[in-house]
Each structure stands twice: as C-alpha cells, then as structure tokens.
Chemist: 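Have a look at this one.
All values below come from the heavy atoms of this structure, side chains included, with hydrogens, waters and symmetry mates left out.
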Amino acid sequence: MGLIITSFEARYGDAFLIEEHVSGIKLLVDCGFKLTYQHHIKKKINSANFIILTHSDEDHINGAFPLINDYPEKFALDKVYVNSPESIPIPRTNGVISIRQAKDLVNLLQDKKLPFEGLIQGQTIEVSKNLSLDIISPTQTELDNYYEKYNDHLATVKQNTKGTSISLNSVAKPLLEWAKQPDSFPKKNDDIANASSIAFILNFRDKKVLFLADSHPEVISEYLLKEGFNSKQKAAFDFIKLSHHGSAKSISKQLLNMISCNNFIISTNGGKARSKHPSVETIAKLATLVDRNGNDEINFYFNHSISSIETRNGPLLSAEERFLYKINYIEQNEIRLS
C-alpha cells in the first residue's frame, strides 16, 4: 500500500485528502465549502494530522469552519497551516488581515486553542519517512503585499458579488488557435490573494506531485528558475494539480515550457456565473506545449462529471481533437501512488 490522494467533490472549490497507509498519516489540503465538509470530508474521516489552508478564498477555506467547530469532540486535529499576520513569527507593523472570513478563521482557531502556523517558500514539512512537502509559494514579498495592500480593497471585495471572469469557453476555436493565445495572467500586485497561495511539491518515495492551489504562475516559474530548471532542463512531476481549477489566467507559457508531466488534476464542477473553468485554452496549451515526461498520451483527471462541466462551461474540445492530440479525460476522485 502507498499513498492515496482523494479529490473531494467540492463544487468549484478545492478539498484534498492525502493518506499514507504505512504510517496512517492523514492530511487535508483545503476544505472547499461548508457542505464539502458535511457531505464528503466528515463522512470519510474524523481526524487528520494537519490541514493546509492554501489561501482565504471561500471555495478553499469555508469548509474549515464546521470542521474546526467539531474539534476536538467530533474531529481530532493536531495543527493547521494557514498564512495570517498572527501565524507568521515575524514582527509586523500591520496586523490586519484583509479577508474577513480568514480573520474569522484565525479567531476560531484561537478560541479552540488549536495550534496554527504559516508556510513560506523554502520550508519543508517532513511528514514521515517517505513523505515530505516542499513549500514553493508564497514568497515573503507576496505575503507582505497581501498583508499591506489587500485591506485597502476589502470594501470593494465585499461589494463585488459578480465574481471575477476566470475562463469562458463560449467561443468555439480549433485547439491550435486556443494554444496560440497569449498569456493572460494578471500582474502579481493585481492578484494578491492568489499570489500568496500556499503551493508545494509532494514527495512520496520516488514520486512527485505538484499542488498549485490558486498560485500565480510567475511565483512558480521564478521558483523553478531559481532551482535550476528551464526549457531544456525541465522539472518532472508524476501529477500536477492545476492552479485555479484550470483557469487560463493561472498559467504562463514560460511555466509550461519548464515542466514535464502527462497527468493533470482539475478540481471543479464548471464554476459559476462569470467565473467558469477549466479553460479550453489551458487544456490546449498543456496538450501542445508541455513535455509529456516520456509518455504518449496526456491525462486530465476530473472530480466532477465532464457532462456537468460542459453544461456549465461549454465543450472542452471535440472528440476528434482529443483523439488527434491523444488527450484523455478521466472522471476519477482518487489517485494512488506506490
């Protein structure tokens, strides 16, 4: 037995369970919405060694509220990793966190006397003999920007009920035309919450899984460059959990040219309103630009049905294009590593 990664059906959010069978260690990466905990997480487990809450967006953090409220009587938990001014052991002049729900979470953690701390690029969590997590995002700069600037936008965020346009597949284009689209990611200073997302490389024996949360592509590519990777010396992964549910605004051609992988995990039911995902552009660029790590085919793993995603978001390439470019769509909630 090895490692099982479960991608819970978290609507358009993220919630992952990582279980190592030899040690019995269980950890959660984000908790989706409150119903994600009620309908999925608590039905599968009633304890975890720790939780990583990657950032303060509601589709990642809201399910943590009922879970922590169940602590310790109904849910056993040792620690929570979450970035907030209170969890960073560095003196700060600004102790105000921007997102109200994140501040509410920290208050709840303090009320429950549940240990919590932050994570930053360069740290490693040694989970067990065979399992470790290398933190690759955020940098201290991105955290500082988050704490200093985001509070100024709080009123705007609270009033914005329409959501951000992430990906729209309403216009039909051939795959190659999608792949030729220029980068569309925002500047890091305009995408503060996502640029401060906790992203990490999961190392299990000889396997590597890249968990990107909603991280900014420049933060990840700058890290890989610093580690000596480039378009010729690529960073190889067995699986990659795509950033921001497969949004085209969370990838860059520079990043795609630096990685080697043929298995990609997409967590979404298609999104909502103007915030829909995954983007056909993302799938097209991955299918045409990314080295497939010695494999002939490229696989996309979905935790919701393809039909429900396409109903919300439009068609995700034609069957002919998928056959031509050897693209597989797989509806599967569990990934097993040995």
Chemist: So which heavy atom on Ser196 is nearest to which on Pro138, and how close?
Modeler: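 Closest heavy-atom pair between Ser196 and Pro138: O-CG, 3.5 Å.
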Chemist: Decide, yes or no, whether a salt bridge links Glu297 with Arg292 under the criterion of side-chain N to carboxylate O below 4.0 Å.
Modeler: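 No salt bridge links Glu297 with Arg292.
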Chemist: With side chains defined as the heavy atoms from C-beta onward, is the minimum distance between Lys253 and Leu256 less than 4.5 Å?
Modeler: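 Counting from C-beta outward, Lys253 and Leu256 never come under 4.5 Å.
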Chemist: Hey, are the side chains of His304 and Glu9 touching, using non-hydrogen atoms and a 4.5 Å cut-off?
Modeler: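 With C-beta onward as the side chain, the pair touches.
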Chemist: Within the 4.5 Å heavy-atom criterion, are Leu286 and Leu242 side-chain neighbours or not?
Modeler: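 Yes, their side chains come closer than 4.5 Å.
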Chemist: Shared ILVMFWY cluster between Ile198 and Val209, side chains joined below 4.5 angstrom?
Modeler: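 In one cluster: yes.
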Chemist: Is Leu27 close to Ile51 at the side-chain level, that is, under 4.5 Å between some pair of heavy atoms?
Modeler: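 Side-chain contact under 4.5 Å: no.
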Chemist: Is the backbone of Phe8 close enough, under 3.5 Å, to the side chain of Asn303 for a donor and an acceptor to pair up by distance?
Modeler: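 Side chain of Asn303 to backbone of Phe8: a pair is present.
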Chemist: Where the side chain of Ser267 meets the backbone of Gly13, is there a donor-acceptor pair that is under 3.5 Å apart?
Modeler: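 Flag set: sc Ser267 to bb Gly13 pair under 3.5 Å.
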Chemist: Measure the shortest side-chain to side-chain distance between Lys285 and Thr282 over non-hydrogen atoms and say whether it is less than 4.5 angstrom.
Modeler: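 No. Closest side-chain heavy atoms not under 4.5 Å.
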Chemist: Any carboxylate oxygen within less than 4.0 angstrom of a Lys/Arg side-chain nitrogen, looking at Lys326 and Asp296?
Modeler: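 Salt bridge: yes.
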Chemist: Do Ile265 and Phe200 share a hydrophobic cluster (ILVMFWY, side-chain heavy atoms under 4.5 Å, transitive)?
Modeler: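 Yes, because Ile265 and Phe200 connect within a single hydrophobic cluster, where side-chain heavy atoms sit under 4.5 Å apart.
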Chemist: Check whether any side-chain heavy atom of Leu3 sits under 4.5 Å from a side-chain heavy atom of Arg336, and report yes or no.
Modeler: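 Not touching, per the 4.5 Å side-chain cut-off.
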Chemist: Are Ser305 and Ser308 linked by a side-chain donor-acceptor pair shorter than 3.5 Å?
Modeler: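 The answer is yes; a qualifying pair exists.
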Chemist: So, does Lys276 use its side chain to make a donor-acceptor pair with the main chain of Arg312 at under 3.5 Å?
Modeler: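 Yes; at least one donor-acceptor contact below 3.5 Å.
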Chemist: With side chain to side chain contact (heavy atoms under 4.5 Å, CB included) as the test, would you mind laying out the steps for Thr36 and Arg11 before giving the verdict?
Modeler: CA-CA 8 Å; Thr36 309; Arg11 297 167 60 203; 5.8 Å; no
Chemist: Is Gln121 reaching over with its side chain to a backbone N or O of Ile136, donor-acceptor style, under 3.5 angstrom?
Modeler: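 Answer holds: yes.
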Chemist: Verify the ring-centre separation between Tyr301 and Phe264: is it less than 6.0 angstrom?
Modeler: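 Not close enough - the centres of the two rings lie 6.0 Å or further apart.
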Chemist: Would you find a donor on one side and an acceptor on the other, under 3.5 Å apart, between the side chain of Ser137 and the backbone of Ser197?
Modeler: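 Indeed, once roles are kept as given, a pair shorter than 3.5 Å links the two residues.
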Chemist: Hey, are Asp14 and Lys241 close enough for a salt bridge, meaning a charged N less than 4.0 Å from a carboxylate O?
Modeler: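 So Asp14 pairs with Lys241 through a salt bridge.
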Chemist: Classify the side-chain pair Thr139/Glu142 by whether it contains a donor and acceptor separated by less than 3.5 Å.
Modeler: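 Yes, because at least one side-chain N or O of Thr139 sits under 3.5 Å from a partner of the opposite role on Glu142.
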Chemist: Step by step, would you call Ile201 with Leu133 a side chain to side chain contact (heavy atoms under 4.5 Å, CB included)?
Modeler: CA-CA 6 Å; Ile201 299 170; Leu133 310 179; over 6 Å; no
Chemist: Does the salt bridge (charged side-chain N to carboxylate O under 4.0 Å, His left out) test come out yes or no for Glu222 and Lys226, once each step is laid out?
Modeler: CA-CA 6 Å; Glu222 287 166 5; Lys226 188 171 63 174; over 6 Å; no
Chemist: So, Tyr223 versus Phe229, ring centres under 6.0 angstrom or not?
Modeler: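 Tyr223 vs Phe229: aromatic centres not under 6.0 Å.
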Chemist: Verify whether one side chain among Asn203 and Lys208 offers a donor that lies under 3.5 Å from an acceptor in the other.
Modeler: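 A pair is found: one side chain offers a donor N or O, the other an acceptor, under 3.5 Å apart.
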Chemist: Is a side-chain donor-acceptor pair under 3.5 Å present for Glu20 with Ser23?
Modeler: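 Checked: Ser23/Glu20 side chains pair up, N/O donor to acceptor below 3.5 Å.
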Chemist: Measure centre to centre between the rings of Phe211 and Phe16, then say whether the value is under 6.0 Å.
Modeler: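 Ring-ring flag for Phe211/Phe16: true, centres closer than 6.0 Å.
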Chemist: Are Phe302 and Tyr329 close enough that their ring centres sit under 6.0 Å apart?
Modeler: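 Yes, close enough.
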Chemist: Tell me if a side-chain donor or acceptor on Gln38 pairs with a main-chain N or O of Lys34 at a distance below 3.5 Å.
Modeler: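 No; judged by distance alone, with no hydrogens or angles, the pair does not exist.
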Chemist: Indicate, with yes or no, if Phe323 and Phe300 share a hydrophobic cluster defined by side-chain heavy-atom contacts under 4.5 Å among Ile, Leu, Val, Met, Phe, Trp and Tyr.
Modeler: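 Unlinked, Phe300 and Phe323 end up in two clusters.
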Chemist: Is it the case that the ring center of Tyr12 lies less than 6.0 angstrom away from the ring center of Phe33?
Modeler: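 When the ring centroids of Phe33 and Tyr12 are compared, they turn out to be within the sub-6.0 Å range.
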Chemist: Does the side chain of Asp70 come under 3.5 Å of the side chain of Tyr37 through a donor N or O and an acceptor N or O?
Modeler: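 Looking only at side-chain atoms, Tyr37 and Asp70 do form a donor-acceptor pair, the distance falling under 3.5 Å.
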Chemist: Indicate the atoms forming the closest heavy-atom contact of Gln140 with Ile120, along with that distance.
Modeler: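 Result for this residue pair: OE1-CD1, 3.1 Å.
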Chemist: Take Asp59 and His245 through the test side-chain hydrogen bond (donor to acceptor under 3.5 Å, both in side chains) and record every step on the way to the result.
Modeler: CA-CA 11 Å; Asp59 55 324; His245 322 288; 3.0 Å; yes
Chemist: Less than 6.0 angstrom separating the ring centers of Phe185 and His216, yes or no?
Modeler: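 They qualify: ring centres under 6.0 Å apart.
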Chemist: Might you point out which heavy atoms bring Gly270 and Ile309 nearest each other, and give the distance in Å?
Modeler: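 Minimum heavy-atom separation between Gly270 and Ile309: N-CG1, 3.9 Å.
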Chemist: Do Val106 and Phe65 sit in the same hydrophobic cluster, where Ile, Leu, Val, Met, Phe, Trp and Tyr count as joined when their side-chain heavy atoms come under 4.5 Å apart?
Modeler: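 Result: yes, single cluster for both.
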Chemist: If you take all heavy atoms of Gly2 and Arg205, which pair is closest and at what distance?
Modeler: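 That would be CA-NH1, 4.3 Å.
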Chemist: Find out whether Asp78 and Pro115 are in side-chain contact, i.e. whether some heavy atom of one side chain is under 4.5 Å from a heavy atom of the other.
Modeler: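 The answer is no, as the side chains (C-beta and beyond) never meet within the 4.5 Å cut-off.
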Chemist: Given 3.5 Å as the limit, does a donor-acceptor pair link the side chain of Asn333 with the main chain of Ser7, or not?
Modeler: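 Yes, the answer is positive, given that a donor and an acceptor are paired below the 3.5 Å cut-off.
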Chemist: Do Ile135 and Val219 share a hydrophobic cluster (ILVMFWY, side-chain heavy atoms under 4.5 Å, transitive)?
Modeler: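 Per the 4.5 Å side-chain linkage, Ile135 and Val219 are not co-clustered.
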Chemist: With no hydrogens and no angle check, do the side chains of Thr268 and His277 hold a donor and an acceptor under 3.5 Å apart?
Modeler: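 Yes, His277 and Thr268 have a side-chain donor paired with an acceptor closer than 3.5 Å.
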Chemist: Check this for me: does any side-chain nitrogen of one of Glu320 and Arg322 sit under 4.0 Å from a carboxylate oxygen of the other?
Modeler: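 Salt bridge absent between Glu320 and Arg322.
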Chemist: Could you go step by step and tell me if Thr124 and Asp134 meet the side-chain hydrogen bond (donor to acceptor under 3.5 Å, both in side chains) rule?
Modeler: CA-CA 5 Å; Thr124 296; Asp134 295 330; 3.0 Å; yes
Chemist: Which atoms form the tightest heavy-atom contact between Trp178 and Ala284, and what is the distance?
Modeler: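 Closest pair (atom of Trp178, atom of Ala284, distance): CB-CB, 3.7 Å.
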Chemist: Do we see a donor-acceptor contact under 3.5 Å between the side chains of Thr54 and Asp30?
Modeler: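 Yes, because at least one side-chain N or O of Thr54 sits under 3.5 Å from a partner of the opposite role on Asp30.
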Chemist: Output, in order, the C-alpha distance, side-chain angles, deciding distance and verdict of side chain to side chain contact (heavy atoms under 4.5 Å, CB included) for Ile68 and Leu109.
Modeler: CA-CA 7 Å; Ile68 294 168; Leu109 290 169; 3.6 Å; yes
Chemist: Do Gln254 and Ser221 have side-chain atoms, one donor and one acceptor, less than 3.5 Å apart?
Modeler: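 Gln254 vs Ser221: donor-acceptor pair found between side chains.
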Chemist: Are any of the side-chain heavy atoms of Ile25 and Ser128 separated by less than 4.5 Å?
Modeler: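 In short, these two side chains touch, coming nearer than 4.5 Å.
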Chemist: Any chance you could lay out the side-chain hydrogen bond (donor to acceptor under 3.5 Å, both in side chains) test for Ser231 and Asn257, step after step, and finish with the verdict?
Modeler: CA-CA 5 Å; Ser231 59; Asn257 283 321; over 6 Å; no
Chemist: Taking the side chain from Asp190 and the backbone from Pro186, do they hold a donor-acceptor pair closer than 3.5 Å?
Modeler: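 Here the side-chain-to-backbone pair does not exist.
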Chemist: Determine the minimum heavy-atom distance between Leu53 and His60, stating which atoms define it.
Modeler: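 Heavy atoms only, the tightest pair is CD2-O, 4.1 Å.
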Chemist: Using the rule side chain to side chain contact (heavy atoms under 4.5 Å, CB included), only one of Leu289, Leu224, Asn293 pairs with Ile259; which is it?
Modeler: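 That would be Leu224.
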Chemist: Could you tell me whether the side chain of Glu321 and the main chain of Leu175 form a donor-acceptor pair under 3.5 Å?
Modeler: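 Yes, Glu321 side chain to Leu175 backbone: donor-acceptor pair under 3.5 Å.
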Chemist: Determine yes or no for a side-chain-to-main-chain donor-acceptor pair under 3.5 angstrom, with Lys112 supplying the side chain and Tyr71 the backbone.
Modeler: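 Indeed, once roles are kept as given, a pair shorter than 3.5 Å links the two residues.
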Chemist: Do the side-chain N and O atoms of Asn263 and Asn299 include a donor-acceptor pair separated by under 3.5 angstrom?
Modeler: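 Distance-only check passes for Asn263 and Asn299.
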Chemist: Assess the residue pair Asp214 and Ser243 against the criterion (side-chain hydrogen bond (donor to acceptor under 3.5 Å, both in side chains)); give the C-alpha distance rounded to whole Å, side-chain angles, the decisive distance to 0.1 Å, and a yes or no.
Modeler: CA-CA 5 Å; Asp214 282 3; Ser243 177; 5.0 Å; no
